[in-house]
Visitor: 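The structure follows.
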Amino acid sequence: MSLRVYNTMSAQVEEFQTLHDKEVRMYACGPTVYDYGHIGNFRTFIAVDMLQRFLRQSGYRVHYVMNITDVDDRIIRNAARDGVSVQQYTAKYEKAFLEDAAMIGIEQPHLVRATENISEMADFVAKLQAKGVAYRTDDGSYYFRIAKFPAYGKLSKKDFSGMIDGARVDVDEYDKDSARDFALWKAPKPGEASWQTSIGPGRPGWHLECSVMSMKELGDSFDLHAGGEDLIFPHHENEIAQSESLTGKTFARFWFHVRFLLVEGEKMSKRLGNFYTLRDLVLKGHKPSSVRYLLTSVPYRNQLNFTFDGLKQAAVSVERLRNFRQRLSEQSFSPGCNPEMQTLARETITHMREALEDDLNTAQAEAAILKMVRQANSALDAGSVKKEDIAPLLAALEKFDEIFAVLADDDRPKMKAVFDWAMSEGREKDISPELREIVQSGQSSDADIEEKIAEMEAARRARNFKLSDSLRAELIAAGIMIENTKDGVRWRRK
RNA sequence: GGCGCGGUACCCAAGUGGUAAGGGAGAGGUCUGCAAAACCUUUAUGCGUCGGUUCGAUUCCGACCCGCGCCUCCA
C-alpha cells in the first residue's frame, strides 16, 4: 500500500505520486510575521509537519520549503505604529514563530523570506508583462489580467466565465482593468517600505512571493503545495495563474489544505475572546505536548474543536504513553519472548501505517498505539512480557513518535522559556499558578528529590505513615509525582 | 445567492452496505497501609429528522432541520 491523500485540485483522494522517484518537493505558505502565532496557525503547520514526517518515514527524501512573509500591509502598519523599522518588527516575530514552532515539535523546513527575493519577483513580473498577462497602471503598480488565464478558478471551483470578457468595472480605489485582477506589485506610498527594481520602485504582492520563491527553490513544477483552507482562494488560485501563465506547466501536482479549527465550538476570534496564541496556553500552564497532541488528534481535513477539556484529555493521553515507555525501560524482565507481544507490536506498526496512508488518519493511528499500550500494560501486570519483547514494543512507540512527536519529556524547559519571556516582556501578571508550579518543579535537583524519597521510604518501612504521607505531600506540592511499583519508587516531575 | 464540509454515547472523536475504533469523564472491582500508576468490568438495539433503494442502512439516494467554512485580510 502507499499514501493516498486528498487533492483539492481534483477534489478527491488520490494515490500520492511524485515527479521524481522517492523524492518529494513540497512548499507550504508560512506565516506573515506580524504577531505571535495562534493555535489555528499551528494546526496547519503541525499537519504539514506530520505529512512531511510521514513521507520521510515512508522512505522519501523530502525537500520542504516554507516562506516567511516579512513584508505586507499589516507589517507596515504595525511597524509604523510601534515606531520601528519593518526589519526590526519582523525580526522579533520571526524569531518568536521559530521558537514556537520548535516548542510544539515542528521540524524546521527550509525557510525563504520575501524580502530576500525582491529582484527575482520584479523579474517575474517583467516576464508576465512581456507575455501580455500583466499590465502596469499609471501609479506604477502591476496587475495580473485574469481574462488571460482561462483556467482561473480551477482550484477553488469558481466560475469566472461571466466576468472575463474585459468588461471594464468601475472601482474607485483601483486603476485596474477588471475588478478581479489582482496586484502583482504595489507602487510605493509615502513613508512605506519599498525597493528599487527593474520594473520600478515598490513592493511585491503576497501571491507573487509564493510563486517566485516556490519555483526558485523547487522548480517550475513540484509535488505538493500546502496551506490553510482559507488560502485556496484567492491566494493559491492566484499563484497558479501567475506560475502557469509563465511556464505553461502544471505548477503544483497536489494541493493540501488544512481545515480551520473551532475553539470551544466557535470560530476563533479576538472579538469572542477565544483567541489563543501558543504562548497564551503555556502561560495558562498547558504543556506544549498537550497542545500538539490535541492538534494532531483530529484528521487534518475535519473541523477540530479545540477545548480546554480536550487539552486536559490530551495531557492524560500523553502521560499514558510516557508512563508506558518508562515502564518498559525501567522494569526488569525475565529472558525469552512472548509471541503475542511480538505480534502486537508488529500489528500496531502496520495499523498505524495503514491509518496514516489513508489520507493521514491520525485519529486511527493514535487509537492503534493506545490499544497496544493497554494490551501491553495488561500483559505487564500479568508478568507475561519477556526481555525480548521490549525492543519491538519500544520500536512501535518510536514509529508513532517519529510522526506525533509527543514522547520526549521536555515540556518543562520549554515552559520555563515562556516563563522567562513573560517576565522579560513585563507580563508577569499573565503567568498562571499552574505554570509557576511546573517551572518550580524544575528547580529542585534530582539528588534532593531522591534524598527526600529515601526519607519517605524509610518512614514507610517503619510504618510511620503519617511522616511518609507528609513527605509525599511535600513532594507533590513541589510538582513531583510519586508512584510505588514492585521495583521501588518511581518519580517524575509534573 | 454560489461552492463546500459536518451532525455518532455525558464530553472529544474514528468508522463501515451486514450490525458501532480510541480517549476522557462517571460507576463498580483488582492492586495498595493510603494514594499514585496500571489493569478488569460497565456506560449508543443507537449514529440530526422524515421518506426511499436493499434480504439488510448509521453507512447509498432524496427532502428537510441544525452547525460550520470559503466567496474580502485570515492558518
Side-chain angles (χ1 to χ4, degrees), chain A residues 8 11 28-32 34-35 37-48 72-74 77 153 156-160 162 180 182 206 226-235 237 257-262 265-270 275 293-295 297-324 326-327 351 355 358 361-382 460-461 463-466 468-469 472-473 475-476 480-486 489-492:
Chain A
T8 306
C29 294
T32 300
Y34 70 101
D35 203 347
H38 56 70
I39 53 177
N41 294 319
F42 288 112
R43 181 194 194 189
T44 296
F45 298 135
I46 285 175
V48 183
D72 93 322
D73 293 340
R74 285 166 299 182
R77 190 182 62 220
S156 54
K157 316 291 182 265
K158 290 179 190 303
D159 183 6
F160 293 93
R180 283 286 177 182
F182 58 88
W206 176 41
E229 63 168 334
D230 57 309
L231 300 186
I232 296 171
F233 188 88
H235 184 54
E237 199 72 73
H257 291 105
V258 182
R259 188 110 197 245
F260 268 22
L261 54 68
L262 258 38
E266 295 186 282
K267 184 172 176 172
M268 181 168 69
S269 74
K270 287 181 177 165
F275 183 97
Y293 190 91
L294 178 55
L295 292 177
S297 64
V298 177
Y300 74 97
R301 284 203 295 132
N302 293 3
Q303 202 163 53
L304 179 156
N305 187 9
F306 190 100
T307 64
F308 284 97
D309 190 42
L311 208 44
K312 283 188 210 130
Q313 294 182 17
V316 173
S317 293
V318 171
E319 274 307 296
R320 200 170 149 79
L321 291 164
R322 289 182 183 173
N323 276 332
F324 174 68
Q326 197 179 8
R327 200 174 175 191
H351 287 153
D358 183 14
N361 192 330
T362 49
Q364 289 211 321
E366 286 175 355
I369 198 76
L370 286 166
K371 193 170 178 184
M372 181 189 91
V373 169
R374 196 188 69 232
Q375 292 183 354
N377 263 326
S378 188
L380 284 165
D381 281 0
R460 203 164 71 89
R461 274 192 298 275
R463 301 192 68 78
N464 184 350
F465 297 127
K466 200 173 170 192
S468 81
D469 284 355
R472 184 169 64 194
L475 285 161
I476 289 170
I480 311 299
M481 327 266 275
I482 310 288
E483 292 166 33
N484 284 350
T485 71
K486 276 177 263 177
V489 176
R490 194 163 76 192
W491 66 273
R492 46 190 289 149

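Values below: all heavy atoms of this structure, side chains included; hydrogens, waters and symmetry mates excluded. Naming convention: chains lettered A, B, ... in sequence-line order (proteins, then strands); numbering from 1 in each chain.
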Visitor: Between the base of B:rG33 and the side chain of A:Asp469, is one N or O donor paired with an acceptor at under 3.5 angstrom?
Guide: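 Answer is yes: a donor-acceptor pair is held.
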Visitor: Would you indicate whether the side-chain heavy atoms of A:Tyr300 and A:Val48 approach each other to under 4.5 Å?
Guide: no
Visitor: Under a 3.5 Å cut-off for both contacts, is B:rA35 paired Watson-Crick or G-U wobble with anything, and if yes, with which nucleotide?
Guide: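 Base-paired to nothing in any strand shown.
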Visitor: Reading RNA chain B from 5' onward, which residue's closest nucleotide shows up sooner: A:Gln313 or A:His38?
Guide: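 On the 5' side of the pair lies A:Gln313.
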Visitor: Let's see if you can work this out: which of B:rA21, B:rG24, B:rC34 has an atom nearest to the side-chain heavy atoms of A:Val316?
Guide: B:rG24
Visitor: In Watson-Crick or G-U wobble terms, both distances under 3.5 Å, what is the partner of B:rG22?
Guide: B:rC12
Visitor: Could you report the tightest heavy-atom contact between A:His351 and A:Ala368, atom names first, then the distance?
Guide: CB-CB, 3.9 Å
Visitor: Compare the minimum distances between each of B:rG33, B:rC39, B:rU72 and the side chain of A:Arg374, then state the nucleotide with the smallest one.
Guide: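 For A:Arg374, the side-chain atoms sit closest to B:rC39.
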Visitor: From C-beta outward on A:Phe233, which listed nucleotide comes closest to its side chain: B:rC71, B:rC11, B:rA38?
Guide: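 For A:Phe233, the side-chain atoms sit closest to B:rC71.
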Visitor: Has A:Asn305 got a side-chain N or O lying under 4.0 Å from the OP1 or OP2 atom of B:rA13?
Guide: no
Visitor: Does A:Asn377 put a side-chain nitrogen or oxygen below 4.0 Å from OP1 or OP2 of B:rA38?
Guide: no
Visitor: Please tell me if A:Lys267 has a side-chain N or O lying less than 4.0 Å from either OP1 or OP2 of B:rC70.
Guide: yes
Visitor: Which base sits across from B:rG1 as a Watson-Crick or G-U pair, both distances under 3.5 Å?
Guide: B:rC71
Visitor: With respect to the side chain of A:Lys158, which nucleotide from B:rA14, B:rC71, B:rC39 is positioned closest?
Guide: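 Output: B:rC71.
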Visitor: Tell me which of A:Gln375 and A:Leu304 sits closer to the 5' end of RNA chain B, going by the nucleotide each one is nearest to.
Guide: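 Of the two residues, A:Leu304 wins.
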Visitor: I want to verify a distance call: between B:rC71, B:rA13, B:rG33, whose nearest atom is closest to the A:Arg180 side chain?
Guide: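 Ranking B:rC71, B:rA13, B:rG33 by closest atom to the A:Arg180 side chain puts B:rC71 first.
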Visitor: Minimum heavy-atom separation for A:Arg301 and A:His257, please, with both atom names.
Guide: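 So the minimum-distance heavy-atom pair works out to CG-O, 4.3 Å.
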Visitor: On the nucleotide B:rG15, are OP1 or OP2 found under 4.0 Å from the side-chain N or O atoms that A:Asn361 carries?
Guide: yes
Visitor: Measuring to OP1 and OP2 of B:rA36, would you say a side-chain N or O of A:Arg320 lies under 4.0 angstrom away?
Guide: no
Visitor: Going by purine N1 to pyrimidine N3 plus the second Watson-Crick contact, or the G-U wobble pair, all under 3.5 Å, which nucleotide sits opposite B:rU41?
Guide: B:rA27
Visitor: Within less than 4.0 Å of OP1 or OP2 of B:rA35, is there a side-chain N or O belonging to A:Arg460?
Guide: no
Visitor: Assign the ring pair A:His235 / A:Trp206 to parallel, tilted or perpendicular, where the plane angle (0 to 90°) is split at 30° and 60°.
Guide: parallel
Visitor: Compare side-chain N and O positions of A:Arg43 against OP1 and OP2 of B:rC74 and report whether any pair is under 4.0 Å apart.
Guide: no
Visitor: Would you please confirm or rule out a distance under 4.0 Å between OP1 or OP2 of B:rA37 and any side-chain N or O of A:Asn323?
Guide: no
Visitor: In the strands shown, is B:rU58 matched to any nucleotide by a Watson-Crick or G-U wobble pair with both distances under 3.5 Å, and which?
Guide: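 Checking every strand shown, B:rU58 finds no partner, since no pair has both distances under 3.5 Å.
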Visitor: Take atom CG of A:Leu231 and atom C1' of B:rC74, then tell me their distance rounded to the nearest Å.
Guide: 8 Å
Visitor: Taking the side chain of A:Met268 as its heavy atoms from C-beta onward, which of B:rA75, B:rG22, B:rC34 lies nearest to it?
Guide: B:rA75
Visitor: Any idea which of B:rG24, B:rC68, B:rG22 is nearest the A:Arg259 side chain?
Guide: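 Of all the options, the side chain of A:Arg259 is nearest to B:rC68.
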Visitor: Looking at the side chain of A:Arg74, which of B:rA75, B:rG33, B:rC39 is the nearest nucleotide?
Guide: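 For the A:Arg74 side chain, the nearest candidate turns out to be B:rA75.
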Visitor: Consider the side chain of A:Asp381, meaning its heavy atoms from C-beta on, and name the nucleotide among B:rA35, B:rG23, B:rA38 that approaches it most closely.
Guide: B:rA38
Visitor: Side chain of A:Asp230, heavy atoms from C-beta onward: which of B:rA75, B:rC68, B:rC39 has the nearest atom to it?
Guide: B:rA75
Visitor: Tell me the interatomic distance from A:Phe306, atom CZ, to B:rC68, atom P, rounded to whole angstroms.
Guide: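 Going from CZ in A:Phe306 over to P in B:rC68 covers 20 Å.
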Visitor: Paired with B:rC64: which nucleotide, if any, by Watson-Crick or G-U wobble criteria at under 3.5 Å for both distances?
Guide: B:rG48
Visitor: Using every non-hydrogen atom in the two residues, find where A:Phe260 and A:Glu229 come nearest and quote the distance to one decimal.
Guide: N-OE2, 2.9 Å
